[in-house]
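So that the names make sense, note that chain A is the first sequence line, chain B the second, and so on, each numbered from 1.
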Amino acid sequence: MTQKLTIYNTLHRKKEEFVPYHPGHVGMYVCGPTVYGDGHLGHARPAITFDLLFRYLQHLGYKVRYVRNITDVGHLENDADQGEDKIAKKARLEELEPMEVVQYYLNRYHKAMEALNVLPPSIEPHASGHIIEQIEYVKKIEEAGYAYESNGSVYFDVEKYNKEHHYGKLSGRNIEDLLNTTRALDGQQEKRNSFDFALWKKADDAHIMRWPSPWSDGFPGWHLECSAMGQKYLGEHFDIHGGGMDLLFPHHECEIAQSVAAQGHECVNYWMHNNMITINGQKMGKSLGNFITLDEFFTGNHESLAQAYSPMTIRFFILMAHYRSTVDFSNEALQAAEKGLNRLMEAYSNLDKLTASPNSTVEIAPLRQKMYDAMNDDLNSPIVISHLFEAASIINRVIAGNDTIDAENLALLRATMELFMFDILGLKKEEKAGSNNEEAYGEAVNMLLQLRMQAKANKDWATSDMIRNKLTELGFVIKDTKDGFEWKLDK
RNA sequence: GGUCUCUUGGCCGAGUGGCUAGGCACCGGUCUGCAAAACCGCCUACAGCAGUUCGAAUCUGCUAGAGACCUCCA
């Protein structure tokens, strides 16, 4: 492990050298999707960002346990008291079992992730499968004195917690600000303070998804699953917790409060947050209804899309921006990504055409190190890509005769492109979207036979026979008909 | 309203005190029967104003604009 990775820690608002809690091992938790709808472009961002990190950490030699949860319970529709579980609501609309809805969208999510070449995490725990752990977690917070029960629900006592700890240390808030920004839509008499958050919610009669607990039949609060499952699979201390910036507050802030309350200490060393994808300058999100699903990108079936964009184009597009910057979606930007990616892929294919010279006018080792430097600098994928384009340029210049490369550098060039393009950035070759090989080859055969017809008309028997003989040799059976031809492949 | 962030060339997007990425598009050239690709070259930007400095896209202040969070959200 000669490379020194630095990552931006949201907790301290600065880049820090990454030092794992247990040498050689990394525990990493990332907030996954709520599976009550199709994944959209915004979901691809954290998946790809932390896939990049996962791949790079593994390349550096760490044994990584990567946990990405599936939220399938507990998110409330509107404000905490009147809302009903999002998944339960959707289920009733579609007259399906809640878990049927979960399974349906989870399958589709996995399919999209696979298309994007996002590696599966080590563990993908479901919130619904960890109700017991969550109840135990609430008990611990209760025992520590940071929770109170109210009408069958349990809330976190933020005011009390804040007397001994800083509630808001991650998001840069303080409790006074939160008091001043009380929302008009509150009306939550159960809570002592508007900023208290639910640990356990009593379910009303209409609520389908419910579990028994010491307090009521109900469901866990939505910050709880990450604390409980993170602790279960990664321990009381682990290295990295990631997610979208929009989860910073309140979700991750509450997680910290929960773990400090339950365990007496924080459990995460590095908090990482990816920025949002915007559309017309606005965040792409469910609530705004301005999202484009991944399937729509892959098929081009959306009014805002000028064409279909392949999964690798989407992946490359996301990697062309740094994960902490916003990325604005536009057809021009995606088309630029598509063309740029093609250029890289073609250059990689052109490696086969290179022949080594005794002398080299290019040196690959410094270029390779620059790619490492960029990755080490808080996963600066745009810089890595710029150096990949430099590598592509070298390949093309050697072919054009403007540069020469020796065998050693050529081998290193190939290894470097494979390492960074395929292993670390996770790009892969893909068939052109919508193309059908067999159909295209068939049309080419038709064209040859058309040419043969013309040759026959011109009594150019040499050309006509040459085409027929050559095709027969290749395994085609040609039959002349009264006004044309037929062919089939006899294999 | 509170807290925070951002504003880079036609478009996307790095860069955080001097060496001024990269991609896409455009334009000129080489190559080519023509084209495409490739190669060579061109375009040299940092919202505005003021300040700090030998020197600022980069630091400070103000102004303008945009966005995020404060409510489920990747």
Send over the distance from R324(A) CZ to rU16(B) P, rounded to a whole Å.
-> 10 Å
Does the side chain of S386(A) get closer than 4.0 angstrom to OP1 or OP2 of rG23(B) through an N or O atom?
-> no
With a 3.5 Å cut-off and no angle check, do the side chains of H322(A) and N380(A) form a donor-acceptor pair?
-> no
Span that lies between the C1' atom of rU20(B) and that of rA25(B), in whole angstrom = 22 Å
Does some side-chain heavy atom of W200(A) sit less than 4.5 Å from a side-chain heavy atom of L224(A)?
-> no
Are Y309(A) and F317(A) an aromatic pair by the rule of ring centers under 6.0 Å?
-> no
Evaluate the ring planes of F197(A) and H223(A), with Trp represented by its six-membered ring, and classify them as parallel (under 30°), tilted (30 to 60°) or perpendicular (over 60°).
-> perpendicular
Looking at the side chain of F389(A), which of rC69(B), rG23(B), rC39(B) is the nearest nucleotide?
-> rG23(B)
rC69(B) phosphate, OP1 or OP2, under 4.0 Å from K283(A) side-chain N/O | yes
May I ask which nucleotide in the shown strands pairs with rU52(B), Watson-Crick or G-U wobble, both distances under 3.5 Å?
-> none
In whole angstrom, give the distance that lies between atom CD1 of I279(A) and atom P of rA68(B).
-> 13 Å
Which whole-number value in Å describes the distance from W222(A) CH2 to rU71(B) C1'?
-> 10 Å
Closest to side chain of A400(A), choosing from rA74(B), rA21(B), rC39(B) = rC39(B)
With respect to the side chain of N396(A), which nucleotide from rA25(B), rC39(B), rG67(B) is positioned closest?
-> rC39(B)
Given the C1' atoms of rU52(B) and rG10(B), what is the spacing between them in whole Å?
-> 35 Å
Of the nucleotides rA38(B), rA25(B), rA37(B), which has the atom closest to the E346(A) side chain?
-> rA37(B)
Could you give the CG-to-C1' distance, from L288(A) to rG67(B), as a whole number of Å?
-> 12 Å
Taking atom P of rA74(B) as reference, at what distance in whole Å does atom CH2 of W271(A) sit?
-> 16 Å
Option passing salt bridge (charged side-chain N to carboxylate O under 4.0 Å, His left out) with K169(A) (candidates E266(A), E255(A), E253(A)) = E266(A)
Euclidean distance for P, rG18(B) against rU3(B) (whole angstrom) | 33 Å
Can the ring centroids of Y56(A) and F18(A) be said to lie less than 6.0 angstrom from one another?
-> no
Partner nucleotide, any strand, of rC42(B) [Watson-Crick/G-U, under 3.5 Å] = none
Residue whose closest nucleotide on RNA chain B lies nearer the 5' end, A392(A) versus H40(A) = A392(A)
With a 3.5 angstrom cut-off on both distances, give the Watson-Crick or G-U wobble partner of rC34(B), or none if there isn't one.
-> none
Note: K191(A)-D196(A) ion pair, threshold 4.0 Å (strictly below) | no
Pairwise P distance for rG23(B) and rA14(B), with rounding to whole Å = 15 Å
Residue met sooner reading RNA chain B from 5', once R13(A) and R343(A) are mapped to nucleotides = R13(A)
Under-4.0 Å side-chain N/O to phosphate OP1/OP2 contact, K339(A) with rG23(B) = no
Between protein and nucleic acid, restricted to nucleotides 9-15 of chain B and to nitrogen or oxygen atoms under 3.5 Å apart, what atom pairs and distances do you find?
unit_1	atom_1	unit_2	atom_2	d
rG13(B)	OP1	D328(A)	N	3.3
rA14(B)	OP1	H322(A)	N	2.5
rA14(B)	OP1	S325(A)	OG	3.0
rA14(B)	O3'	N380(A)	ND2	3.3
rG15(B)	OP1	N380(A)	ND2	3.0

If we take the C1' atom in both rG61(B) and rG2(B), what is their distance in whole Å?
-> 22 Å
Between rA74(B), rC70(B), rA25(B), which nucleotide gets closest to the side-chain atoms of R173(A)?
-> rC70(B)
Report which part of the nucleic acid G285(A) touches: base, sugar-phosphate, or nothing (heavy-atom distance under 4.0 Å, all strands).
-> nothing
Give one of base, sugar-phosphate or nothing for I277(A), where a contact means two heavy atoms less than 4.0 Å apart.
-> base
For M276(A) and rC6(B), what is the distance between atoms CE and P respectively, to the nearest whole Å?
-> 15 Å
Parallel, tilted or perpendicular: which fits the ring planes of Y372(A) and F420(A), with parallel below 30° and perpendicular above 60°?
-> perpendicular
Can you check the I175(A) CD1 to rC70(B) C1' distance for me, whole Å?
-> 14 Å
4.5 Å side-chain heavy-atom contact, H273(A) and R324(A) | no
Could you work out the separation of rG17(B) and rG13(B) based on their P atoms and round it to a whole Å?
-> 23 Å
Could K15(A) and D378(A) be called an ion pair, given the rule that one side-chain N must be under 4.0 Å from one carboxylate O?
-> no
If we take the P atom in both rG65(B) and rC59(B), what is their distance in whole Å?
-> 22 Å
Expressed as a whole number of Å, how far does the C1' atom of rU16(B) sit from that of rU8(B)?
-> 13 Å
For rU20(B), the Watson-Crick or wobble counterpart (both distances under 3.5 Å) = none
To the nearest angstrom, the CZ-P distance between F329(A) and rC24(B) comes to 20 Å
Identify whether any heavy atom of L248(A) sits under 4.0 Å from a base atom; if not, whether one sits that close to sugar-phosphate; answer base, sugar-phosphate or nothing.
-> nothing
Across all strands, who's sitting opposite rG67(B) as a Watson-Crick or G-U wobble pair, both distances under 3.5 Å?
-> rC4(B)
